[in-house]
Amino acid sequence: MADEKPVVESFQLDHTKVKAPYVRYIDTQTGPNGDVISNYDLRLVQPNENAIPTGGLHTIEHTIAVLLRGFHLLTWGEHSTQDVAKALKEALEFIAYEATWDDVPATTIESCGNYRDHSLFTAKEWAKDILAKGISSDPFERKVV
Ligand code: ZN
């Protein structure tokens with residue numbers, strides 16, 4: 001039991017080989033009632049080259065949470081990575097060009113565990129930068145949607 005370590009799927013990925021921003025299909029699982037759930041990795045920034053500061057990333061995360069439900073996307077049924085990448089692109093376009101502070105949910109002390117650490121300005125600047133690079137439907141080959 002002690003030497004049974006859980007396998008974390010993304011730790012198996014060679015982060016030097018990927019070309020972000022991208023959507024990567026991880027897997028599909030079928031529940032006991034036959035319901036199908038698919039899991040996708042939404043990577044916004046090239047690993048080890050850049051990092052979105054927490055204020056901006058936190059605000060992107062909150063705003064995306066109501067549009068897509070986070071940075072790992074679980075869906076009912078199966079979708080192409082092209083369709084997921086298009087949905088991510090639309091969510092980032094919303095943040096970059098339309099969102100106001102009223103569109104960022106759960107920014108109060110009651111609803112967020114780090115409510116002071118938000119920056120819609122940083123979220124918008126990073127969303128624009130990610131959109132300018134284009135979101136690929138493939139992690140290793142640039143197939144921008
Ligand atoms: Zn929060």
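Since we're looking at a predicted model, the values are computed, not measured. Counting starts at 1 for both ligands and their atoms, in listed order.
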query: With a cut-off of 2.8 Å, does His118 place any N/O/S atom under that distance from the Zn ion (ligand 1)?
result: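 No.
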
SG (Cys112) to the Zn ion (ligand 1) to NE2 (His62), nearest 10°, is 110°

Between Arg142 and Asp138, is the salt bridge (charged side-chain N to carboxylate O under 4.0 Å, His left out) condition met? List the steps.
CA-CA 6 Å; Arg142 297 297 292 160; Asp138 186 292; over 6 Å; no

min-distance N/O/S atom, His58 vs the Zn ion (ligand 1), resolves to NE2

Under a 3.5 Å distance rule, please check whether Ser38 uses its side chain to pair with a backbone N or O of Gly77 as donor and acceptor. yes

(Q) Give me the atom names and distance for the closest heavy-atom approach of Ala20 to Arg43. (A)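 Smallest heavy-atom distance, with atoms named: CB-CG, 4.0 Å.
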
Note: Ala85 and Ile135 closest approach over all heavy atoms is CB-CG2, 3.8 Å

